[in-house]
Amino acid sequence: MQKRRTALYAAALLLGSSLAAQAQSTLRIGLAEDPDILDPSLARTYVGRIVFSSICDKLFDINEKLEVIPQLALSRETSADGLSVTIKLRPGVKFHDGEPLDAEAAKYSLERHMTIQGSFRKPELASVDHVEVVDPLTVKLVLKAPFSPLIAQLTDRAGMMVSPKAAKAAGDKFGLGPVCAGPYKFVERVQQDRIVVEKFADYWNKQNVSIDRIVYRPIPDSTVRLANLKSGQLDLIERALATDIKDIQSNPKLKLATALELGYQGITINVGKGDKSKGPLGQDKRVRQAFDLAIDRAAINEVVFNGNFVPGNQWVSPANPFYQETMPVRPRDVAKAKKLLAEAGVKTPVTVDLMVPNNPETRAVSELVQGMTAEAGFDVKIRVTEFATSLNEAEQGNFQAYILRWSGRTDPDGNLYTFVKSGSPQNYSFYTNADLDKQLEESRSKDGVPTRKAIYTGITKTLLEDLPIIYLYHQRHLIVHTDKLSGYVQAPDGMIRVVGLKLAQ
Amino acid sequence: MIGLLARRLLQLIPTIFLVSVIIFSLQHLLPGDPALIMAGEEKDPEVIAQIRAQYHLDQPIVLQYLYWVKGVFVGDLGESMRLKQPISELIAQKLPVTLQLASMAMVIALVIGVGMGVLSAVKKGTGWDAAANLFALWGISTPNFWLGIMMIFLFSVQLGWLPASGFVSPFENLSQSLKASIMPAFVLGNSIAGVLMRHTRGAMLQALQSDYVRTARAKGLHEPRVVLHHAMRNALTPIITLGALEFGTLLSGAVLTEQIFSIPGFGKLIVDAVLNRDYAVVQGVVLVTSAVYIVLNLLADIGYILANPRLRA
């Protein structure tokens, strides 16, 4: 009898342990949108980059302090003339299909980014003339001209390495089943429902990967996303609302991770295209200065975002190493604004056609701007416009002012150059300034924070005077997860990095 | 009967052709340039030009239409610009989801709506009638998104009985599948039930007052038989019409409800496509749903004939 009981216990124990071995840990992440195609060369959305964080490692990465750190590469060296960058690769790295990541593969990936039809990486790598293999683990990027923001590009999609074998086989359908060298490999995707990835056994940093699977689920409504987290259907969500922060912090089972974004929210003013630019706002910088002075950024932050964001006046946030501390946010000054309008000799109220992409937060901000500037002598007409339509209107110069958000780039150049350089694709102000253009080119050719920051001082001064863009504030990335998840650290780029995470059962 | 069917099927062709021309042209009236939105945040001019060429966006609209129709004839609905996936594949993925949700919602609507409509007509003027009317009014006037969010808070967050969102295929796990879709199906069914109830009640009241019902009662038939067999059958015509229309609407995707419960059906597909100006996806989905709509109307016509033999002549 005793024997039988022991045998039974043993059997039960065995069964139990095998069940435990089978129990897989799954991290379920709620995304705010459905990502576009998962091909590092052809992808264009922010939310897609979040998914890439688990599938495709990059040559370099950034940390919480915005420093460039090695990932698939070990080191980099820029030549004295700035015309070439030599990158040493990490040895022993494999792609998900078992192919080795060597210099040939890196050269292939970079060339694919630069040449495949429809590549969004092409402009990002436009400074690269060609790529050379130096030895099996070293590549050299030969540049057309010195270009300091290049390394920052390699910390994002342009630095993602793809398996040459898989990419050649799949062509432009590679994104339906990406094969990279990240901690997780792609399993399946159901459009608008889920993207599933599983732990890659041969990952170069596998000792720091403990969760077996990750399921990404797009849930566009932020209230529902949070409800899913609270009810236990999700373990982590991105882009929570600032107005939900109190609720989140009062819930002992939820943890909030935040970081100040790299981007900004601002008002772009049409100073150079079509009839809409001909009004006093577009033609006279004093009128723009008056508009700027009439806005109380701190009040916007308090009223719309419960004081959780950071007021700003430059293209990088006050926390960024490139922020010009000598030119801080000016306090609201209605008297001075009125004086400037009087000096400009314009008839008040000055009407302003303000185009606002349709979402609750930007609408609220625009209403505050309307009220604040009315006191100084402006009559802002808010035109709420669906986003795709607003882009078209902007392109045609069919607006006087346009509330526009930029998600931000690691290198400050990515927040600046294409927005204010004469004739650049994103220069929706249609602002031209030959002097500034020269300084912008110079800033790109120089390396090192102090040197570049010194050049930016002059640029900032000009921009704060001319105000083609009135920068308003910087958001915080708001990531919420359950207390079962540990090891989560938020970087300023808003990405969800999954290496080092642990999930308690 | 067969002649009628054949005639109706033939009518499908010009209708679908017209629908296709209308969607195509309406869509191109939308402001917003697909190439611009596809070009991502950077909007590199070279990338934009390349997208225009690849999807024939740089050609006259008539030519673009012909390119598309040519594809449709050989069963190729085109490719999503945003996802690089064939549209027929996307539709094949979404149709079962929408079909399941719509069918469940319809069953809920029919059971509640027709049941309560009959009850309130038979018990006219009593508390039952008042209660049923109140329910109908509630169903019609409650916004779906509000009811959806409230249900999520109650059944998922507070009680933890049902998953807050998502979709599980019934072939994968039937009970999980029902659990995941019962809330959205109820939200959808609830609003239709109200409308159905009102129509059923009206039709039943009329039928119950007619001479043949008096005759049936005079013959000494049991009341349930009088109500269900004699009165109900005549009252079915408007219910079938309405049911088919409502079902057709459900199949074209319940945008708000799908959004709240994050169900990957037609509604979400088409909203994402419109917002991203993914023209080909919108065209493909609308084409398929309008065909389904027309077929459902045809089925409703057949339904009338089955329910009411007098229409067979």
Side-chain angles (χ1 to χ4, degrees), chain A residues 30 33-39 42-46 117-120 122-124 126 172-176 189-194 217-221 223-234 263 385-395 406-407 409 414 418 424-426 428, chain B residues 30-34 36-48 50-51 53-54 80-85 89-90 93-94 97 145 148-149 152-153 155-167 169 256 258-265 267-269 271-272 274-277:
Chain A
E33 292 140 24
D34 191 36
D36 60 335
I37 187 159
L38 295 175
D39 180 324
L42 304 177
R44 64 188 172 87
T45 57
Y46 171 81
Q117 203 187 27
S119 169
F120 290 113
K122 202 171 167 181
E124 295 171 10
D172 71 343
K173 300 278 184 268
F174 179 73
L176 301 179
R189 170 173 195 181
V190 179
Q191 300 302 339
Q192 279 125 346
D193 185 39
R194 61 177 184 267
R217 289 189 45 207
I219 301 181
D221 188 296
T223 310
V224 175
R225 211 157 52 241
L226 184 59
N228 272 275
L229 180 69
K230 284 181 181 170
S231 69
Q233 253 92 55
L234 293 175
T385 312
E386 182 252 350
F387 183 65
T389 309
S390 76
L391 281 179
N392 225 40
E393 295 276 280
E395 189 91 338
W406 176 243
S407 69
R409 295 292 176 266
T418 163
S424 272
Q426 297 192 88
Y428 287 136
Chain B
L30 263 183
D33 178 348
L36 204 55
I37 190 101
M38 289 293 143
E41 278 191 322
E42 272 83 1
K43 310 207 179 1
D44 187 65
E46 204 177 311
V47 172
I48 293 176
Q50 190 272 323
I51 295 173
Q54 189 178 354
S80 158
M81 282 192 255
R82 193 172 73 95
L83 305 162
K84 304 264 182 292
Q85 210 176 348
E89 210 176 289
L90 282 172
Q93 251 178 26
K94 310 289 170 192
V97 177
F145 64 90
I149 289 189
I152 290 178
F153 275 116
F155 293 108
S156 309
V157 179
Q158 293 299 326
L159 300 171
W161 292 350
L162 296 169
S165 63
F167 178 81
S169 162
L256 274 177
E258 285 185 11
Q259 192 87 344
I260 288 168
F261 291 99
S262 34
I263 291 168
K268 271 190 86 173
L269 181 66
V271 167
D272 277 2
V274 171
L275 292 181
N276 286 290
R277 301 291 187 272

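We use all heavy atoms of the structure for the numbers below, so side chains are in, but hydrogens, waters and symmetry mates are not.
With a 4.5 angstrom heavy-atom cutoff, A/Gln117 touches chain B via backbone and side-chain atoms both. Only the side chain of A/Tyr428 comes within contact range of chain B, with heavy atoms under 4.5 Å apart. There is no contact between A/Leu229 and chain B, counting heavy-atom distances below 4.5 Å. Interface remark: A/Ser390 contributes no atoms to any contact with chain B (heavy atom separation under 4.5 Å). Both the backbone and the side chain of B/Leu275 come within contact range of chain A, each with at least one heavy atom under 4.5 Å from a heavy atom of that chain. Contacts between B/Leu159 and chain A at a heavy-atom distance below 4.5 Å are absent for every atom of the residue. Neither the backbone nor the side chain of B/Leu256 comes within less than 4.5 Å of any heavy atom of chain A. Interface residue A/Leu176: only side-chain heavy atoms are found under 4.5 Å from chain B. Proximity to chain A is limited to the side chain of B/Gln93, based on heavy atoms less than 4.5 angstrom apart.
Atom CG in A/Asp34 sits 6.5 Å away from atom CG in B/Leu83 (nearest 0.5 Å). With rounding to the nearest 0.5 Å, the separation of CD in A/Gln192 from CG in B/Leu90 is 7.5 Å. The CD1 atom of A/Ile219 sits 11.0 Å away from atom CD1 of B/Ile263, with the distance rounded to the nearest 0.5 Å. Atom-to-atom distance recorded for A/Asn228:CG and B/Ser156:OG is 7.5 Å, nearest 0.5 angstrom.
When the salt bridge (Lys or Arg N to Asp or Glu O under 4.0 Å) test is applied to A/Lys122, the partners found at least two apart in sequence or on another chain are B/Glu46. B/Glu89 meets the salt bridge (Lys or Arg N to Asp or Glu O under 4.0 Å) test with no other residue; sequence neighbours excluded.
Between the side chain of B/Lys94 and the main chain of A/Gln191, a donor-acceptor pair closer than 3.5 Å is present.
Among A/Glu33, A/Glu386, A/Lys173, the residue making the largest number of heavy-atom pairs under 4.5 Å with chain B is A/Glu386.
B/Arg277 and A/Thr389 share a donor-acceptor pair across their side chains, judged by distance under 3.5 Å alone.
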In sequence, state the C-alpha distance, the side-chain angles, and the governing distance for A/Val224 and B/Phe145, and then conclude on side-chain contact (heavy atoms from CB on, under 4.5 Å).
CA-CA 11 Å; A/Val224 175; B/Phe145 64 90; over 6 Å; no

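Applying the side-chain contact (heavy atoms from CB on, under 4.5 Å) test between B/Ser165 and each of A/Arg225, A/Arg217, A/Gln233 identifies A/Arg217 as the sole match.
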